[in-house]
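First up is the structure itself, then whatever we jot down about it.
Throughout, numbering of the chain's residues begins at 1 and tracks the sequence. As the structure lists them, so they are numbered: ligands from 1, and atoms in each ligand from 1.
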Amino acid sequence: MEFMKNGKRIDDRLPNELRPIKFEVGALERADGSCYVEHGGNKVIAAVYGPRAVHPRHLQEANRAIIRYRYNMASFSVEERKRPGPDRRSVEISKVSREAIDPVIIKEFYPRSTIDIFVEILQADAGTRSAGINAASVALADAGVPMRGLISSCAVGKVDETVVLDLVKEEDNYGQADMPIAMDVRTGEVTLLQMDGHLTLDEFEQALELGKIGCASIAEMQREALIQKYRGEENE
Ligand code: ADP
């Protein structure tokens with residue numbers, strides 16, 4: 001498959017360009033915090049419940065809140081109907097996504113509690129774990145969960161020997177490498193880094209730099225979306 005033509009990608013983007021991204025804070029009325037994200041062809045919703053009592057009780061921790069994260073793909077989110085329910089992939093993504101967000105949450109404020117994060121992928125077009133993490137991070141802030149910073153995430157990779165930012169599905173599925181990262185752009189702490197495919201050390205460093213720039217842009221959009229929502233409420 002040919003990915004690059006005259007320096008442009010299959011969807012006409014430059015190698016270092018993100019897809020269009022839109023955050024809607026507080027999209028759900030009955031969650032404590034929520035966020036709907038459109039990221040290129042991805043449509044993702046995150047709902048946060050808590051801090052609240054832990055069930056089953058034996059999971060509770062005496063001196064801090066526990067964080068639970070469920071990533072789920074709707075059966076209609078991909079071209080061929082996906083079998084509903086958890087599978088190996090969603091269990092793994094739930095785990096790494098929780099670990100990506102966990103470090104910024106100030107869990108000591110809520111002993112014996114849980115903060116539950118639900119991420120539903122309504123439409124998938126590569127980078128759904130990143131879109132989920134971005135939405136979850138904003139939903140946590142919307143729920144008023146105390147955090148040291150926001151986590152921002154995007155994928156980088158390689159197609160036609162070119163390091164590219166924010167892969168679309170064809171690039172992700174048939175390209176040479178796919179590397180999702182998540183980080184707190186304020187501190188520079190990287191909280192998720194995975195890689196499929198092959199990159200040379202040089203390409204890896206290039207990809208990481210590009211990913212950091214992508215995360216910084218996304219962090220700005222997350223902050224802007226939160227400011228918009230809460231500035232609006234002040235004036236009501
Ligand atoms: P991510 O969505 O975080 O990039 P993957 O690299 O595993 O995660 O998946 C890349 C893309 O492949 C998904 O966003 C989706 O578009 C597609 N995909 C993943 N799982 C399935 C599936 N079970 N059926 C069809 N397409 C899928």
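- Between Pro180 and ligand 1 there is no heavy-atom distance shorter than 4.0 Å.
- In this model, no donor atom of one side chain and acceptor atom of the other lie less than 3.5 Å apart for Asp160 and Thr162.
- Judged purely by distance below 3.5 Å, without hydrogens or angles, the side chains of Asp87 and Ser90 pair a donor atom with an acceptor atom.
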Point to revise | Criterion side-chain hydrogen bond (donor to acceptor under 3.5 Å, both in side chains) on Gln194 and Glu92, from CA distance to verdict | key: CA-CA 11 Å; Gln194 299 178 280; Glu92 182 217 311; 2.8 Å; yes
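- If you check which protein heavy atom lies closest to atom 4 (O) of ligand 1, you get Gly127 N, 2.8 Å.
- The single protein non-hydrogen atom nearest to atom 17 (C) of ligand 1 is Lys169 CD, 4.3 Å, given as residue, atom name and distance.
- In this structure, Glu80 falls outside the shell of residues with a heavy atom less than 4.0 angstrom from ligand 1.
- Residue contacts with ligand 1: Met73 is placed with no nitrogen or oxygen under 3.5 Å of a nitrogen or oxygen of the ligand (distance criterion only).
- Interface atoms of ligand 1 facing Asp178, defined by a heavy-atom separation under 4.0 Å, are 6 (O).
- Among all non-hydrogen protein atoms, the one lying nearest atom 15 (C) of ligand 1 is Ala124 CB, 3.7 Å.
- Under a 4.0 Å N-O distance rule, the pair Glu24/Lys229 does not qualify as a salt bridge.
- Without hydrogens or angle criteria, Asn16 side chain to Leu165 main chain gives no donor-acceptor distance under 3.5 Å.
- The OH atom of Tyr49 sits 6.5 Å away from the CG atom of Leu28 when rounded to the nearest 0.5 Å.
- Ion pairing between a basic and an acidic side chain is recognised when a charged N comes within 4.0 Å of a carboxylate O; Glu189 and Arg148 show no such pairing.
- Nearest protein heavy-atom neighbour of atom 7 (O) of ligand 1: Arg89 NE, 2.8 Å.
- Contacts of Asn42 with ligand 1, taken as heavy-atom pairs under 4.0 Å, are absent altogether.
- Closest to atom 2 (O) of ligand 1, if we only count protein heavy atoms, is Thr128 OG1, 2.5 Å.
- Regarding atom 14 (O) of ligand 1, its nearest protein heavy-atom neighbour is Ala126 N, 2.7 Å.
- Remark: Glu220 engages Arg223 in a salt bridge, criterion side-chain N to carboxylate O under 4.0 Å.
- Here the side chains of Arg98 and Tyr71 are not in contact, with every heavy-atom distance at 4.5 Å or above.
- At the shortest separation from atom 24 (N) of ligand 1 among protein heavy atoms lies Val78 CG2, 3.7 Å.
- With ligand atoms numbered from 1 in the order given, ligand 1 contributes 4 (O), 6 (O), 10 (C) to contacts under 4.0 Å with heavy atoms of Asp172.
- Under 4.0 angstrom from ligand 1, the non-hydrogen atoms of Asn173 all belong to its side chain.
- Closest protein heavy atom to atom 3 (O) of ligand 1: Arg129 NE, 2.8 Å.
- Annotation: side chain of Val164 is not in contact with side chain of Arg13 (no heavy-atom distance under 4.5 Å).
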